[in-house]
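First the structure, in the form of structure tokens, and then the observations on it.
Values below: all heavy atoms of this structure, side chains included; hydrogens, waters and symmetry mates excluded. Keep in mind it's a predicted model, so treat the numbers as computed, not measured. Below, chains carry the letters A, B, ... as their sequence lines are ordered, and counting in each starts from 1.
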There are 2 protein chains.
Amino acid sequence: MSMQLSSVQPTKRISTHDATACAANLSSLFVDQPAESVASGRTIFWEGDKATQVFEVAEGMLRALRLLRDGRRVIVGFLKPGDLVGVSFKDKYIYTVEAVTKVALRRFPRHLFEGEIARQPKLREMIFSKLCDEMSAAQDQTVLLSRRSADEKLTSFLLLMANRQIGQHVEVNLPMTRQDIADYLGMTIETVSRTTTKLVSHGIVAVPDRHIITILRMETLRSIARGEDLEAASAPTTTNKRRLPANA
Amino acid sequence: MSMQLSSVQPTKRISTHDATACAANLSSLFVDQPAESVASGRTIFWEGDKATQVFEVAEGMLRALRLLRDGRRVIVGFLKPGDLVGVSFKDKYIYTVEAVTKVALRRFPRHLFEGEIARQPKLREMIFSKLCDEMSAAQDQTVLLSRRSADEKLTSFLLLMANRQIGQHVEVNLPMTRQDIADYLGMTIETVSRTTTKLVSHGIVAVPDRHIITILRMETLRSIARGEDLEAASAPTTTNKRRLPANA
DNA sequence: CGAGCACAGTTACAATCCGTCACATATTCG
DNA sequence: CGAATATGTGACGGATTGTAACTGTGCTCG
């Protein structure tokens, strides 16, 4: 990985024209930087590394993860184009980031990044807003992990990934491995497989390719994610309306 | 709850003297405000409410939670004195906040709060830092929830709560109910009870009072939280040193 | 003061879901 | 083509959960 930005010269130029014209767009900070290419599987930085750089994802997907002492892996998030990576106001990164696919990144030294934030109220607002989105996403994952059944977890995950894709498309792209999904959802790879198979056998989704899941029955998927029983939800009739009390 | 701060007068005075003397302390923003008292169980604000206020906890404990459509409750964090509540840069609060105990709060209108942030670089830095701590805490909870066994979850929770207490004290104060703990850890209240009992019967903790758990064997507790089996860890001899490979 | 009540917490038991282990199948990459 | 990796499938046992009964504590109200 090259360190193109260690020279301050081009950055200064950018920041000055930013202050007038480009304050409306967050990625304006990065847009003049060359996108570095990173092969899939490569590590961008490690948890505990000194947080000296900020990145913008231009292309591809990354995973943010924490390693536990006993070797288990917890994936705390997936990063897609447009996301900022490594925005930290502590001195160290709090998680490791690895490329899931081939990735294109734009890099920015942290101290300059912070300088821009101090100088540009609009930019600052956008970063704050981004951080809040991140907080929100982190809490969404918390909610996801507290879900009881594997069915709920996986369907919620699919909807989460589907939301990131364009528009109403029911074709969900999953570049990450089953192991990644399992480590994100706090389950085993076997359970991910079995649950996927179950969804397929009920006609709720199809798996034309390892890394593509097509949602066939969106509403059914939604009701399972909401906590409805899969068997009940996949039956096409009298599912939502009738809800018998347990003691009736 | 009174709305003492709807008048701008006293706030202006504070902000001006802040700019010189008190920029080093975050709570200087709130310190001249009267602390409002809130009874336990009362709601401070609801998820989805317009985010018009920021609060500082002066005394007591609160819970931040999200309600799921099926009625389940997910607690995304506990708040203690010194914490800021409702710092959002979106227009709406993303979780509900309720008082666990009787609580004393200082209130600050959001737009003034943001004005101060814009004006005071030092303050801004501290808020950013606080947000990062929050992110870190959110991810810690994610890690906590991905832990497999109830033993690991509860012991990790106890250590988390113990860290917030002063110094080396092994007496952990738990003002929240078992239901709160269960909703935080993603388990049932019964499992919380059973696991607590198990820890007591192994002499690892004692429960002198419903809301107090005394840690008797800190190192044992730590090793359980790290993933070691409770039965193995609670045996006083040859526990940490020997680790036989599964296929030996 | 004590009966009655509500609520928090505990314990027991049965059902089940998930993780572990084992193996089959596919895909990728040299 | 063969090794390595990723994924799917099945059997089995154990841990967690739900149900339900029980205990204990604090509170109200007669």
Next on the checklist: Using C1' atoms of five pairs at each end, report the bend of the helix from C:dC1-D:dG30 to C:dG30-D:dC1 rounded to 10 degrees.
Outcome noted: 40°
Item to check | Rounded distance (nearest 0.5 Å) linking atom OG of A:Ser193 with atom CE of A:Met187 | outcome: 9.5 Å
Item to check | Neighbours of DNA chain C within residues 148-156 of chain B, by heavy-atom distance under 4.0 Å | outcome: none
Next on the checklist: By nearest heavy atom, map A:Lys198 and B:Thr191 onto DNA chain C; which one lands nearer the 5' end?
Outcome noted: B:Thr191
Item to check | By side chain to side chain contact (heavy atoms under 4.5 Å, CB included) - contacts of A:Thr155 (at least two apart) | outcome: A:Leu199, A:Leu221, A:Ile224, A:Ala225
Item to check | Closest to side chain of A:His211, choosing from D:dT7, C:dT10, D:dG10 | outcome: D:dT7
Next on the checklist: Under 4.0 Å, counting only non-hydrogen atoms across every strand here, what does B:Thr196 touch: a base, just sugar-phosphate, or nothing?
Outcome noted: nothing
Checklist entry - Does B:Glu59 CD have over 12 foreign heavy atoms under 6.0 Å away? => result no
Next on the checklist: Regarding A:Arg210, tell me which of base, sugar-phosphate or nothing describes its non-hydrogen contacts under 4.0 Å with the strands shown.
Outcome noted: sugar-phosphate
Checklist entry - How are the rings of A:Tyr93 and A:Phe45 set relative to one another: parallel (under 30°), tilted (30 to 60°) or perpendicular (over 60°)? => result parallel
Checklist entry - Does the distance from a Lys or Arg side-chain N to an Asp or Glu carboxylate O, for B:Asp180 and B:Arg73, drop under 4.0 Å? => result yes
Item to check | Selection from C:dG19, C:dG9, D:dT9 that lies nearest to any side-chain heavy atom of A:Thr188 | outcome: C:dG19
Checklist entry - Any donor-acceptor pair under 3.5 Å linking the side chain of A:Gln141 with the backbone of A:Ile75? => result yes
Item to check | Side-chain touch A:Leu174/A:Phe157, heavy atoms, less than 4.5 angstrom | outcome: yes
Checklist entry - Is the closest side-chain heavy-atom distance between A:Thr177 and A:Arg210 below 4.5 Å? => result no
Checklist entry - Taking NZ, NE, NH1 and NH2 as the nitrogens, is one of them in A:Glu36 or A:Arg42 under 4.0 Å from a carboxylate oxygen of the other? => result no
Checklist entry - Between C:dT10, D:dG18, D:dG10, which nucleotide gets closest to the side-chain atoms of A:Arg194? => result D:dG10
Checklist outcome for this item: A:Glu190 has its side chain closest, among D:dG10, C:dG9, D:dT17, to D:dG10
Next on the checklist: Tell me the interatomic distance from B:Asp229, atom CG, to D:dA15, atom P, rounded to whole angstroms.
Outcome noted: 8 Å
Checklist entry - Is A:Thr177 touching bases, backbone alone, or none of the nucleic acid, heavy atoms closer than 4.0 Å? => result sugar-phosphate
